[in-house]
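Inspection log for the structure reproduced underneath, given as structure tokens.
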Amino acid sequence: MPEGPEIRRVADQLETAIVGQPLTEAWFAFPALKTYEPALIGEQVQAIETRGKALLTHFSNGLTLYSHNQLYGVWRIVTPETELQTTRQLRVRLATADRAILLYSASDIELLNADTLAAHPFLNRIGPDVLSSALTVDEVKERLLSPRFRRRQFSGLLLDQAFLAGLGNYLRAEILWLAQLLPQHRAQDLSNHQLTAFSEALLSVPRHAYRMRGTMKKYHEEAAFQFEVFHRQGKKCRRCGTVIEKGTLSSRPFYWCPGCQH
């Protein structure tokens, strides 16, 4: 499943394609959403927000399209007259005079007003978005030390969207490597220095992945995002030279350096 940086990059592309232009077409596959189609014609998409791995498309009439890609959902951007040849099931089509955005294969789709958006169970359950510029290192540190999370092992905590929304499996491995911690560590057992380094890594790794537009290739010696441990089993750690290992944690593959993560 794509993680927060990849979802935000998709949202950026969708915004560029459609924001601020009157809608000429609104189509939904699910019968419960069909009644909203006429109300959206002539309206504009004002913004496309991400909350972790969920996407919120805000319309000028106050409605919001909630969508979560889960494992199989994917957005496409085309010209309005384009018909894609695909075996995927089309779920949403929003078109302007110049562009159309299409959502395929997703099943978690709703149209919400201000009240139902504020009361949405998933959005109320997840934690702060790691890509939110308003989220600070001190706030992450406070969250780590809260009674709810301080006893949780990082192996599961970093996959729990209730802790921080947008984290996932590759980010879990890379964050723990940067902070030189192991997945069995818990916040309550760390020193203040370790807590600060971990809190900084929880924000810096996802934000760097987003800034580099989702690429994992090394285009620039210092700036580009590259995996340090993820999918690098059998290769040497670039920090200490120890061979990187692979295991399974929380039913997901995990990668770490036994030399400098301790």
Side-chain angles (χ1 to χ4, degrees), residues 1-12 48-56 66-71 108 117-118 120-214 216 225 227-230 249-256 261:
M1 180 186 294
E3 301 178 27
E6 292 71 46
I7 299 296
R8 182 61 252 176
R9 185 171 64 134
V10 169
D12 290 345
I48 299 180
E49 178 187 0
T50 54
R51 302 258 190 104
K53 301 174 187 180
L55 204 128
L56 301 175
Y66 166 90
S67 61
H68 196 302
N69 285 6
Q70 304 288 5
L71 287 175
D108 195 1
L117 178 63
H120 193 276
F122 175 79
L123 298 176
N124 281 324
R125 188 170 67 247
I126 62 175
D129 193 305
V130 289
L131 295 179
S132 169
S133 59
L135 184 62
T136 68
V137 171
D138 286 343
E139 288 170 334
V140 171
K141 192 172 179 180
E142 182 180 354
R143 198 163 180 82
L144 278 168
L145 291 175
S146 68
R148 183 179 180 185
F149 299 120
R150 61 182 294 120
R151 298 177 184 85
R152 295 274 305 276
Q153 289 192 356
F154 297 153
S155 57
L157 183 64
L158 268 61
L159 297 180
D160 185 353
Q161 300 302 293
F163 171 55
L164 290 176
L167 296 179
N169 199 41
Y170 86 76
L171 289 172
R172 173 178 70 164
E174 296 298 312
I175 288 165
L176 288 172
W177 178 87
L178 182 60
Q180 299 187 55
L181 296 172
L182 289 169
Q184 59 264 37
H185 279 130
R186 302 176 298 175
Q188 67 177 12
D189 301 325
L190 300 186
S191 68
N192 187 61
H193 174 75
Q194 287 175 312
L195 276 168
T196 299
F198 185 43
S199 300
E200 290 173 347
L202 281 162
L203 294 184
S204 66
V205 173
R207 291 171 180 181
H208 186 44
Y210 166 66
R211 283 195 302 271
M212 297 314 297
R213 303 193 59 76
M216 307 309 163
F225 187 91
F227 287 140
E228 297 294 348
V229 287
F230 192 74
L249 285 172
S250 305
S251 303
R252 306 289 296 279
F254 182 74
Y255 307 81
W256 78 100
Q261 287 179 259

Polar side-chain atom of [X] near backbone of [Y] as donor-acceptor pair, under 3.5 Å:
X      : Y      : value
Asn124 : Ala118 : yes
Asp108 : Ser67  : no
Arg172 : Ser155 : yes
His120 : Leu117 : no
Gln261 : Leu181 : yes
Glu3   : Leu171 : yes
Gln161 : Gly166 : yes
Arg211 : Pro206 : no
Arg151 : Arg186 : no
Ser250 : Arg252 : no

For this session: Identify whether the distance between the nearest side-chain nitrogen and carboxylate oxygen of Asp160 and Arg152 falls below 4.0 Å.
Result: yes
Contact between [X] and [Y] at the side-chain level, heavy atoms closer than 4.5 Å - yes or no?
X      : Y      : result
Leu135 : Arg207 : yes
Phe163 : Leu202 : yes
Asn69  : Leu55  : no
Thr196 : Lys141 : yes
Leu145 : Gln188 : no
Leu176 : Trp256 : no
Val130 : Tyr210 : no
Leu178 : Glu174 : no

Identify the heavy atoms of [X] and [Y] that sit nearest to each other, and give their distance.
X      : Y      : value
Ile175 : Val205 : CG1-CB, 3.7 Å
Ile48  : Ala11  : CG2-CB, 3.9 Å
Gly127 : Ala165 : O-CB, 3.5 Å
Leu123 : Ala54  : CD2-CB, 4.4 Å

Exercise. Would Phe198 and Val140 count as a side-chain contact (heavy atoms from CB on, under 4.5 Å) if you check the C-alpha gap in whole Å, the side-chain angles of each, and the deciding distance to 0.1 Å?
Worked result: CA-CA 9 Å; Phe198 185 43; Val140 171; over 6 Å; no
With rounding to the nearest 0.5 angstrom, report the [atom1] to [atom2] distance, [X] to [Y].
X      : Y      : atom1 : atom2 : result
Ser133 : Leu203 : OG    : CG    : 11.0 Å
His68  : Leu56  : NE2   : CG    : 10.5 Å
Glu139 : Leu164 : CD    : CG    : 10.5 Å
Arg143 : Arg150 : CZ    : CZ    : 14.5 Å

Exercise. Looking at Phe227, Phe254, Tyr255, which hits ring pair (Phe, Tyr, Trp, His ring centres under 6.0 Å) with Tyr170?
Worked result: Phe227
For this session: In sequence, state the C-alpha distance, the side-chain angles, and the governing distance for Leu131 and Ile7, and then conclude on side-chain contact (heavy atoms from CB on, under 4.5 Å).
Result: CA-CA 11 Å; Leu131 295 179; Ile7 299 296; over 6 Å; no
For this session: Show your working on side-chain contact (heavy atoms from CB on, under 4.5 Å) between Leu157 and Leu144 and close with a plain yes or no.
Result: CA-CA 10 Å; Leu157 183 64; Leu144 278 168; 4.0 Å; yes
Exercise. Is the number of heavy atoms from other residues, nucleotides or ligands under 6.0 Å of Glu142 CD greater than 12?
Worked result: no
Exercise. Would Leu190 and Phe154 count as a side-chain contact (heavy atoms from CB on, under 4.5 Å) if you check the C-alpha gap in whole Å, the side-chain angles of each, and the deciding distance to 0.1 Å?
Worked result: CA-CA 12 Å; Leu190 300 186; Phe154 297 153; 3.8 Å; yes
